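Shown next, in structure tokens, is the structure this report addresses.
What you see is a predicted model, and the numbers here were worked out from it, not measured in a lab.
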Amino acid sequence: MTFTMGPALLFCPADRPERYQKAAERSDAVILDLEDAVAPDSKKRARGAILAQLGSGGETAELDPSRTIVRVNPVGTAEFEKDLHCLTHTPYRTVMLAKAESREQLKELEGYHVIALCETAKGIVNAVEIAQAPNVVGLMWGAEDLIASMGGTSSRKDDGGYRAVALHSRSTVLLAAKAAGKEAIDAVYVDIPDLAGLAVESADAVASGFGAKACIHPNQVAVVREAYAPSADVVAEAQELLDAAASAGTGVFQHKGKMVDGPILKHAEATLRRARLA
């Protein structure tokens, strides 16, 4: 399966069912979160809320399964087993595995399309093997849990930019996903009021090759979508370049005084793909 949800994926606490539909309407896909967004004493209620919005037979869901992801607790925890039992009674088959750390763990989710969330030191180091698991459709990375797993205090410097270890981890996950032919999802931007900073980071995600970015607030969705949607001028330039390539009929040619080869044409094709999605 190819992961096609996005570009703006919005987290929603699973114990807040009154937000489900709103989150789905305001994003490209909703992530019902059974992990960090839900307090330990509310996890049972969160699973119950997911089940309660289904039809009596469990086959009719309030949310579109093709645009819904459920983040489950880490493999090896009692909550994971309970999450999995809950999911078997739903039509939702795309899950996000929190704190994924090995390919072996993915066997626990056979039959599901998995976004492996690499957010520990072990998960980052093993990102290549995790991406190669047959049921993995994408990788996402998480900055704050990663730094916490190493005893650090913050993923960002005083100027707002990521520390070197976070940048390395981000690149590692991106490369691992793409090398395996899977999608890569960029981490959340936790400074909710700073939409300008989010815009800069989202633009970098697009340019780097991330297929989607996760959001933690509805106000972030439009910013992410704008970053992924190329302007009319950019689309026109990409189409003109591809038309020129078709006319040239050679591997390398000149266009407006610049040399054009295969990689540049792939950039243009990616631009048109984003335009179609937008």
Side-chain angles (χ1 to χ4, degrees), residues 1-5 9 11-15 29-51 54 58-59 61 63 65-142 144-146 148-149 169 172-173 176-185 187-188 211-212 214:
M1 174 188 175
T2 300
F3 182 79
T4 58
M5 300 184 198
L9 313 179
F11 277 100
C12 177
D15 62 343
V30 61
I31 306 171
L32 300 181
D33 192 0
L34 288 168
E35 199 224 5
D36 283 349
V38 180
D41 60 358
S42 296
K43 290 186 183 290
K44 180 178 180 180
R45 180 159 55 89
R47 287 186 286 268
I50 291 177
L51 294 173
L54 301 174
E59 70 285 347
L63 301 175
S66 69
R67 295 181 54 244
T68 303
I69 303 163
V70 179
R71 175 159 77 163
V72 298
N73 286 276
V75 170
T77 65
E79 297 299 341
F80 171 79
E81 298 299 333
K82 295 173 183 177
D83 293 346
L84 202 56
H85 179 73
C86 169
L87 284 173
T88 61
H89 298 285
T90 77
Y92 304 130
R93 288 297 175 267
T94 302
V95 302
M96 178 179 289
L97 177 60
K99 298 174 179 62
E101 293 189 330
S102 72
R103 178 171 176 165
E104 188 70 19
Q105 292 178 335
L106 277 302
K107 294 179 180 178
E108 300 288 336
L109 287 165
E110 186 176 353
Y112 291 91
H113 307 301
V114 184
I115 299 167
L117 178 49
C118 301
E119 52 183 344
T120 65
K122 190 173 182 179
I124 297 297
V125 170
N126 292 333
V128 170
E129 71 167 46
I130 291 170
Q132 293 170 350
N135 56 338
V136 166
V137 296
L139 296 187
M140 178 175 160
W141 78 291
E144 300 312 318
D145 278 293
L146 168 65
S149 79
S169 301
T172 296
V173 168
K178 297 299 182 174
K182 311 295 176 68
E183 194 52 272
I185 301 167
V188 298

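- Nearest heavy atoms, Thr68 versus Leu63: OG1-CB, 3.4 Å.
- In this structure, the side chains of Asp33 and Pro13 stay at 4.5 Å or more apart for every pair of heavy atoms.
- Within the 3.5 Å criterion, the main-chain N or O of Glu119 finds no donor-acceptor partner in the side chain of Lys99.
- Nearest heavy-atom pair, Thr172 versus Ala127, reported as atom, atom and distance to 0.1 Å: CG2-CB, 4.3 Å.
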Next on the checklist: Using the rule given for side-chain contact (heavy atoms from CB on, under 4.5 Å), can you reason through Phe80 versus Gln105, listing the C-alpha separation, both sets of side-chain angles and the distance that settles it, and then say yes or no?
Outcome noted: CA-CA 11 Å; Phe80 171 79; Gln105 292 178 335; over 6 Å; no
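- We find the CD1-OH distance between Ile69 and Tyr112 to be 15.0 Å, quoted to the nearest 0.5 Å.
- Residue Leu97 forms a side chain to side chain contact (heavy atoms under 4.5 Å, CB included) with just one option from Val136, Asn73, Asp83, Leu109, and that option is Leu109.
- Between the side chain of Asn126 and the backbone N or O of Glu101 there is at least one donor-acceptor pair closer than 3.5 Å.
- With a 4.5 Å cut-off on side-chain heavy atoms, Asp36 and Asp145 count as touching.
- Taking each heavy atom of Ala177 and Leu139 in turn, the nearest pair found is N-CD1, 3.8 Å.
- One finds the CG atom of Leu9 at 5.0 Å from the CD1 atom of Ile185 (value rounded to the nearest 0.5 Å).
- To the nearest 0.5 Å, the span separating CE on Met140 from CZ on Phe3 amounts to 10.0 Å.
- Looking only at distances, a side-chain donor or acceptor of Lys182 sits under 3.5 Å from a matching main-chain atom of Ala133.
- Counting heavy atoms from C-beta outward, His89 and Leu51 have side chains that approach closer than 4.5 Å.
- Note on Glu129 versus Arg103: no salt bridge recorded, every NZ/NE/NH1/NH2 to OD/OE distance being 4.0 Å or above.
- In terms of heavy-atom proximity, Ala131 sits nearest to Ala176 at CB-O, 3.5 Å.
- Between the CG atom in Leu146 and the OG atom in Ser169 there is a gap of 4.5 Å [rounded to 0.5 Å].
- Taking every heavy atom of both residues into account, Lys43 and Leu34 meet most closely at NZ-O, 2.8 Å.
- Going from atom CD of Gln132 over to atom CG of Leu106 covers 11.5 Å, rounded to the nearest 0.5 Å.
- Summarising the geometry of Leu84 relative to Glu108, their closest heavy-atom pair is CD2-O, 3.6 Å, with the distance given to 0.1 Å.
- Going from atom CG of Asn135 over to atom OG1 of Thr94 covers 11.0 Å, rounded to the nearest 0.5 Å.
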